[in-house]
**Q** 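Quick one: the structure is below, and I'll ask about it shortly.
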Amino acid sequence: MRCLALLAFAVSTASCASIDTPSAPPGTWAARPLPDRIVLTWSADPATTQTVTWRTDPSAGDPVAEFAVATDGPTFAKKATRIAAATTTPLGEAPNGALYHTAVLRDLEPRTKYAYRVGDGDDWSEWSHFTTASDEAAPFSFLYFGDAQNDIKSHWSRVVREAFKDAPRAAFALHAGDLVNHANADDEWGEWFYSGGWIFRTMPQLATPGNHEYNRHGLSKHWEPTFEFPRNGPDDLQSSVFWLDHQGVRFVSLDSNRDVDPQAAWLDSVLQDNPCRWTIVTLHHPLYSTAKGRDNAKLRGVLQPVFDRHGVDLVLQGHDHSYGRSGLMHHGERVPANLTTGARVQSGRGTVYVVSVSGPKMYSVGERPLWQRTANGKQLYQVLSIDGAELRYAAYTATGELFDRFVLRKGTDGRNTLQETTP
């Protein structure tokens with residue numbers, strides 16, 4: 001495998017000590033004939049396709065998926081379409097080995113609820129639901145998580161489940177990297193899937209890799225078999241760099257573990273021809289760090305001019321194991337507050353930067369005057385809702401308490417107005 005150009009600003013992938021979770025007994029996360037680790041993603045248009053990935057051991061038969069428009073009763077199963085799935089190279093992480101399978105369900109109707117299951121014709125998953133996106137701009141919400149990383153089953157599970165209770169109809173969940181602590185540790189991936197459980201089977205997941213999804217050999221062996229995303233990024237980064245349009249919002253994933261210069265040129269072209277009203281970027285390493293002693297100046301110097309030039313609205317990040325949220329930023333400066341409406345309103349061309357953490361590993365926040373809101377020692381999840389010219393953002397603690405909130409409104413000239421709405 002070719003040597004990777006890891007950026008100098010990426011910190012060591014050494015892990016912190018476990019909080020309280022003992023090692024699982026051997027075989028706990030082993031693959032079996034019955035499908036497990038089922039997850040929805042998108043590799044093409046969310047309005048007309050749905051991608052599903054799952055795992056079995058090598059004793060399972062030929063992998064297939066079945067799907068049909070969901071009905072109030074069980075008759076949909078008689079009309080299900082069956083398609084063959086593609087199988088990846090065995091990972092060999094679990095004691096019995098493992099095969100990963102991916103099926104892309106195509107020619108779907110927009111804004112339609114489907115039922116699907118996966119298996120080999122004998123051993124099947126349960127039937128689960130997903131709903132296709134609209135083929136035009138329409139209101140929706142999504143979840144955003146910072147690093148899960150450590151003690152995933154023990155401590156992260158409550159966060160993802162609390163988030164689902166708050167936003168059960170969210171269109172998808174977005175993860176800003178460091179889903180696990182050790183890139184190829186099958187037990188950690190097992191804990192990640194255990195924590196999300198059937199949520200991942202009915203709510204698509206988008207993810208960008210963190211430094212802990214990398215090791216000296218490259219990107220985790222679990223990444224590509226688990227996540228099938230659009231292959232529209234730069235040639236050698238199509239597993240982790242991509243863009244996706246969803247109901248009037250262009251979402252872009254950047255891989256901040258790799259050289260960002262070619263990504264900036266690619267991003268420039270992706271945003272040059274962008275029909276969407278809103279643009280949201282996710283990457284793991286923050287342009288503006290929250291943690292003490294960190295400053296990703298190279299990353300900021302390369303990407304911020306592109307964000308400013310194309311009016312990126314929101315940047316969702318992780319890595320610093322604390323919380324920080326800016327107001328509107330442009331050319332490295334705060335956009336001035338509106339003198340008429342007061343300090344809680346900003347208007348102008350600008351981007352909001354967020355750093356968040358959902359797992360139990362915590363760092364202290366350094367002195368950063370640009371942040372509107374910060375937190376130490378809090379596990380958080382975020383619920384974002386977009387409806388026409390309005391984007392609503394809310395951050396909640398692991399117990400479901402509101403911690404931070406704002407509304408972003410976009411004018412016809414592309415300028416944003418940010419109103420602070422945290423009590």
**Q** Would you say CZ of Phe76 has more than 12 non-hydrogen atoms from neighbouring residues, nucleotides or ligands within 6.0 angstrom?
**A** yes
**Q** Could you tell me whether the side chain of Glu188 and the main chain of His182 form a donor-acceptor pair under 3.5 Å?
**A** yes
**Q** Between Ser358 and Gly146 (side chain of the first, backbone of the second, donor and acceptor by atom type, cut-off under 3.5 Å), is there such a pair?
**A** yes
**Q** Keeping the roles fixed (side chain from Thr351, backbone from Val312), state whether a donor-acceptor pair exists under 3.5 Å.
**A** yes
**Q** Before giving the answer on salt bridge (charged side-chain N to carboxylate O under 4.0 Å, His left out), spell out for Arg392 and Asp387 the whole-Å C-alpha distance, their side-chain angles and the decisive distance to 0.1 Å.
**A** CA-CA 8 Å; Arg392 291 183 173 272; Asp387 185 353; over 6 Å; no
**Q** Which of these passes side-chain hydrogen bond (donor to acceptor under 3.5 Å, both in side chains) with Thr102: Thr53, Thr41, Thr87?
**A** Thr53
**Q** For the rings on Phe227 and Phe229, is their centre-to-centre separation under 6.0 Å?
**A** yes
**Q** Looking only at heavy atoms, which two atoms of Leu283 and Val315 are closest? And how far apart?
**A** CD2-CG1, 3.5 Å
**Q** I'd like to know whether Asp147 forms a side-chain contact (heavy atoms from CB on, under 4.5 Å) with His321, so could you lay out the CA-CA distance, the side-chain angles of the two residues, the decisive distance to 0.1 Å, and finally the verdict.
**A** CA-CA 7 Å; Asp147 305 32; His321 295 271; 3.4 Å; yes
**Q** Indicate yes or no: at least one non-hydrogen side-chain atom of Glu224 is less than 4.5 angstrom from one of Tyr100.
**A** no
**Q** For a quick check under 3.5 Å, do Ser43 and Thr51 share a side-chain donor-acceptor pair by atom type?
**A** yes
**Q** Can you give each donor-acceptor pair under 3.5 Å made by side-chain atoms of residues 132-139, sequence neighbours left out, with the distance rounded to 0.1 Å?
**A**
| residue | atom | partner | partner atom | Å |
| --- | --- | --- | --- | --- |
| Thr132 | OG1 | Glu109 | O | 2.6 |
| Thr132 | OG1 | Arg111 | N | 3.0 |
| Thr132 | OG1 | Thr112 | N | 2.9 |
| Thr132 | OG1 | Thr112 | O | 3.3 |
| Ser134 | OG | Glu136 | N | 3.1 |
| Ser134 | OG | Glu136 | O | 3.1 |

**Q** Got a donor-acceptor contact below 3.5 angstrom from the Asp255 side chain to the Val241 backbone?
**A** no
**Q** Work out which heavy atom in Asp320 is nearest to a heavy atom in Arg294; give both atom names and the distance.
**A** OD1-NH1, 2.7 Å
**Q** Is any side-chain N of the basic residue among Lys378 and Asp404 closer than 4.0 Å to the acidic one's carboxylate O?
**A** no
**Q** Would you say the side chain of Ser240 lies within less than 4.5 Å of the side chain of Tyr214, judging by non-hydrogen atoms?
**A** yes
**Q** Between Ser289 and Ala291, is there a donor-acceptor pair closer than 3.5 Å when you use the side chain of the first and the backbone of the second?
**A** no
**Q** Under a 4.0 Å N-O cut-off, is there an ion pair linking Asp313 with Lys410?
**A** yes
**Q** For the residue pair Ser356 and Phe145, establish whether any side-chain heavy-atom pair is separated by less than 4.5 Å.
**A** no
**Q** Could you check whether Arg32 pairs with Asp57 (Lys NZ or Arg NE/NH1/NH2 to Asp/Glu carboxylate O, under 4.0 Å)?
**A** no
**Q** Just wondering, do Thr279 and Leu271 contact through their side chains at under 4.5 Å, heavy atoms?
**A** yes
**Q** Any salt bridge between Lys153 and Asp187, counting N to O under 4.0 Å?
**A** no
**Q** Side chains of Asn257 and His284: is there a donor and an acceptor less than 3.5 Å apart?
**A** no
**Q** On the 0 to 90° scale, with breaks at 30° and 60°, tag the Trp156-Trp192 ring pair as parallel, tilted or perpendicular.
**A** parallel
**Q** Check whether any side-chain N or O of Arg405 sits under 3.5 Å from a backbone N or O of Thr421 as a donor-acceptor pair, and report yes or no.
**A** yes
**Q** Measure the shortest side-chain to side-chain distance between Val52 and Val39 over non-hydrogen atoms and say whether it is less than 4.5 angstrom.
**A** no
**Q** Would Gln379 and His155 count as having a side-chain donor-acceptor pair, cut-off 3.5 Å?
**A** no
**Q** Check whether any side-chain heavy atom of Lys292 sits under 4.5 Å from a side-chain heavy atom of Tyr363, and report yes or no.
**A** no
**Q** Please identify which of these residues, Tyr323, Tyr381, Tyr396, meets the ring pair (Phe, Tyr, Trp, His ring centres under 6.0 Å) condition with Phe403.
**A** Tyr323
**Q** Are the side chain of Gln346 and the backbone of Leu328 linked by a donor-acceptor contact shorter than 3.5 Å?
**A** yes
**Q** Show the numbers, then the answer: is there a side-chain contact (heavy atoms from CB on, under 4.5 Å) between Val352 and Tyr393?
**A** CA-CA 11 Å; Val352 180; Tyr393 170 102; over 6 Å; no
**Q** Give the minimum heavy-atom separation between Pro33 and Ser59, together with the two atoms involved.
**A** CG-OG, 3.4 Å
**Q** Do the side chain of Arg325 and the main chain of Gln372 share a donor and acceptor less than 3.5 angstrom apart?
**A** no
**Q** Ignoring hydrogens and geometry, is there a side-chain-to-backbone donor-acceptor pair from Gln317 to Leu287 under 3.5 Å?
**A** yes
**Q** Can you spot which of Phe142, Tyr144, Phe242 makes a ring pair (Phe, Tyr, Trp, His ring centres under 6.0 Å) with Phe251?
**A** Phe142
**Q** What is the minimum heavy-atom distance between Val118 and Pro35, and which atoms define it?
**A** O-CG, 3.5 Å
**Q** For a 4.5 angstrom cut-off between non-hydrogen side-chain atoms, does Leu314 reach Trp278?
**A** no
**Q** Could you check whether any side-chain heavy atom of Leu316 comes within less than 4.5 Å of a side-chain heavy atom of Gln382, counting everything from C-beta outward?
**A** no
**Q** Mind running side-chain contact (heavy atoms from CB on, under 4.5 Å) on Thr75 and Lys79 for me, showing each step along the way?
**A** CA-CA 7 Å; Thr75 55; Lys79 302 177 182 179; 5.8 Å; no
**Q** Could you check whether any side-chain N or O of Asp120 sits under 3.5 Å from a backbone N or O of Gly61, counting only pairs where one atom can act as donor and the other as acceptor?
**A** yes
**Q** Would you check if there is a donor-acceptor pair between the side chains of Gln419 and Arg409 at a distance under 3.5 Å?
**A** yes
**Q** For Gly210 and Glu213, work out which heavy atoms get closest and say how close.
**A** N-OE1, 2.7 Å
**Q** Where is the tightest heavy-atom contact between Met203 and Gln205, given as atom of each residue plus distance?
**A** O-NE2, 2.8 Å
